[in-house]
Amino acid sequence: MLVAGMTLLTAACSDSPGSGNAPDVAAAITVERPAGMEDATVTSESLTLTNVNTGIVSTFGSLSNVSVEPGLYDLRYEAQLTLANGAHALMHAARTSVTISEGAAPIVLEAYANIENDDLIIAEVFFTGTIQRSGNDYHGDDYIKLYNNTDHVIYADGITIFETKFTTTQKYEHTPDIMGEAMNVQALYTVPGSGTDHPVQPGEYFLIADTGIDHRVANPNSFDLRHADFEWYDVSTKPGNLDIDGPDVPNMDKWYCYTLSYWMLHNRGFKAFGIARIPVDCDTYLTEYKYHYDYTLVTVAGTFPMTADAYRLPNEWIVDVVNCSVQSLYAWNLCAPALDSGWTYCGTVDKDKTRFFHSVRRKLLRIADDGRVILKDTNNSTDDFNPGVVASEIELQGTAMDVDGTPCTQVTYDGVRPVKK
């Protein structure tokens, strides 16, 4: 890796200057270029610093003369490069929750090229669920929707969905820190198959449901998931908390889950969700990829040393990741920036009642000449996803979009742009 303090002739600027509560301080920032780009020429670059506490965004056209008000910042860097062979490349770097203060150590951003996976992507995560007419939460109708964004068939056989153990709303120091090489996960379910059993055509979705039943029977405000391609099902050891096995939808292979009852997506979105292709069998994975770590728990009652166990999922196996959170509680990302350098959300505050019936949906990029929908995929969930929009299954089925049972009458590509009739 080559450390480069890359500069341009363009002057640094800020679209939102400091609040005036404290004088600005200089931030020394360097970028480590990925291998193979050491000799490339930077033609343009942009650095964005977002104050986590105030929301103030400052942008700079170079890495020199960067100064902002002291505080906690999320940093994003982009550069257009011309390689020695004349080819062009886009380089990214990002770090979250970085303290900038007088006399602070220099900040190093590790740059990367976008990971281009010739595979399925996550199109939507519906984790909030619906509400019954009584006002009570309803569980079991959450789902993850995948999409074939390519121009050829991709097989879903072997795709594993997973959830992180860490949360995006609480950051703490932990050792060993494996984030640069793997993710810390606590739930893994895999699509079975021989390799060519479950084709996903170009421009088609692959729906994975929590429970593949007609949820309108128990909750008229919900929708029907009997058409899902697969469901995840848990054989519970808690008699009072049994899962439902939808008879019309095949089950995924359960590799591991932390709960003794049944798993559902965190309905406030405190987690990162992803898909992976694991090149070893289940027994090998569960034996060789355990992750034991130490961390410090800080509470109002004091600070306590803690230990925990989970599983590690190597970054090179991971196909796609979406970091989810709550706007007011977001603290950090749960993966390396090369996998996802942003985050998305449903709900502006914790336990926001307006989050129900909403999901995070990948943005429409364009419509191809053959009519295929092309979704945006830059490995940055902030840029790639529309947060807090009506779930696609609610739109497609015209079911309730609020607690009063108001039917949805619009179908969109991505929760925002209406489908052309």
(Q) Can a side-chain donor-acceptor contact be found between D118 and H152 if the only test is distance below 3.5 angstrom? (A) yes
Q. Is there a donor-acceptor contact under 3.5 Å linking the side chains of D340 and S381?
A. yes
Q.
By the definition ring-ring contact (aromatic ring centres under 6.0 Å, His included), identify the one residue from F270, Y293, Y295 that meets it with F166.
A. Y293
Q: State, without any angle test, whether D157 and H198 hold a side-chain donor-acceptor pair at a distance under 3.5 Å.
A: no
Q: If the plane angle is over 60° it's perpendicular, under 30° parallel, otherwise tilted; pick one for Y205 and Y147.
A: tilted
Q | Partner of Y311 under ring-ring contact (aromatic ring centres under 6.0 Å, His included), chosen from Y256, W255, Y291 | A | Y256
Q.
Here's a test for you: under ring-ring contact (aromatic ring centres under 6.0 Å, His included), which of F273, Y233, Y189, Y258 qualifies with W263?
A. Y189
Q | Polar contact flag, side-chain donor to acceptor under 3.5 angstrom, T259-S261 | A | yes
Q: Establish, yes or no, whether a centroid distance under 6.0 Å links the rings of Y345 and Y330.
A: no
(Q) Please tell me whether F223 and F126 form a close aromatic pair, meaning their ring centres lie under 6.0 Å apart. (A) yes
Q | Centroid-centroid under 6.0 Å between Y289 and W317 rings | A | yes
Q | Short side-chain donor-acceptor distance under 3.5 Å, T406 and D404 | A | no
Q.
If only side-chain N and O atoms count, and only distance matters, is there a donor-acceptor pair under 3.5 Å linking Q186 with E163?
A. yes
